[in-house]
Amino acid sequence: QVRLVESGGGSVQAGGSLRVSCTVSGYTSTRYYMGWFRQVPGKERERVAAIYADGDSPYYADSVAGRFTISRDNAKKPVYLQMSSLKTEDTGMYYCATTGPMTWVPSAQLGRSRFLYWGQGTQVTVSS
């Protein structure tokens with residue numbers, strides 16, 4: 001059974017930094033994507049970053065490119081989302097998720113429906 005656990009959320013002032021992490025257990029494949037999504041009440045859950053299981057091929061939403069960094073050393077390590085120059089609009093619940101087994105695809109083909117396993121989320125609040 002695949003299980004994802006997020007940690008590291010919290011409150012920070014605008015312009016600050018925060019790192020969230022996600023540990024994955026029970027996944028026997030090493031060919032899948034991991035993603036970070038965020039959601040605010042009343043809005044769709046959006047993908048902010050994704051990375052292949054081995055730590056290659058990072059993708060970023062335009063709204064976070066240049067400020068957020070997703071990383072992972074290998075398929076046995078946690079995946080991190082380093083968030084810098086945070087803005088109030090970055091506030092939300094951040095979820096970690098994984099796809100089913102799959103090979104590399106372009107970012108446009110890595111929609112939310114590909115992600116099958118989800119963590120419980122960790123809250124990030126950015127204040128002005």
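Numbering starts at 1 and runs along the sequence shown.
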*Mark yes or no for whether R67, through its side chain, and S85, through its backbone, hold a donor-acceptor pair below 3.5 Å.*
yes
*Please answer whether the main-chain N or O of N74 pairs with a side-chain N or O of R72 as donor and acceptor at a distance below 3.5 Å.*
yes
*What pairs of residues pass the disulfide bond (SG atoms under 2.5 Å apart) test when at least one of them lies in residues 31-67, not counting sequence neighbours?*
none
*Specify the closest pair of heavy atoms between I70 and P58, including all atoms of both residues, with the distance to one decimal.*
CG2-CB, 3.8 Å
*If you look at every heavy atom in Y32 and V24, which pair is closest and at what distance?*
OH-CG1, 4.5 Å
*When hydrophobic residues are tied together by side-chain contacts of less than 4.5 Å, even through go-betweens, does L116 share a cluster with Y27?*
yes
_To check you understand the geometry: which heavy-atom pair defines the closest contact between T30 and A75, and what is its length?_
CG2-CB, 4.0 Å
_Close side-chain approach of S63 and K87, heavy atoms under 4.5 Å_ = no
*Who else is in the cluster with Y80 when I, L, V, M, F, W and Y are joined by side-chain contacts under 4.5 Å?*
none
*Which ILVMFWY residues can you reach from F115 by hopping between side chains whose heavy atoms are under 4.5 Å apart?*
Y33, F37, Y52, Y59, M93, Y95, M102, W104, V105, L110, W118
*Separation of K77 NZ from T23 OG1 (nearest 0.5 Å)*: 12.5 Å
*Between the side chain of R38 and the main-chain N/O of V48, is any donor-acceptor distance below 3.5 Å?*
no
_Over all atoms of both residues, closest heavy-atom pair of Q82 and S17_ = NE2-CB, 3.9 Å
*Hey, mind stepping through M83 and V124 against side chain to side chain contact (heavy atoms under 4.5 Å, CB included) and telling me if it holds?*
CA-CA 10 Å; M83 302 178 286; V124 171; 3.9 Å; yes
*Heavy-atom pair of closest approach, residues E6 and G121*: OE1-N, 2.9 Å
*Distance from Q13 atom CD to S127 atom OG, nearest 0.5 Å?*
5.0 Å
*If you draw a 6.0 Å radius around CZ in R112, do more than 12 non-hydrogen atoms from other residues or ligands fall strictly inside?*
yes
*When rounded to the nearest 0.5 angstrom, what distance separates CD in E89 from OG in S128?*
10.5 Å
*Mind listing the closest non-hydrogen atom pair of W36 and C22 along with its distance?*
CZ2-CB, 3.6 Å
*Look up atom CD in Q120 and atom CZ in R3, then write down how far apart they are to the nearest 0.5 Å.*
9.0 Å
*Pairwise distance OG(S25) to CG(L4) - rounded to 0.5 angstrom*: 7.5 Å
_So, taking the atom named CD in Q123 and the one named OG1 in T91, what distance separates them when rounded to the nearest 0.5 Å?_
7.5 Å
*So which of D56, V79, L81 actually passes side chain to side chain contact (heavy atoms under 4.5 Å, CB included) with I51?*
V79
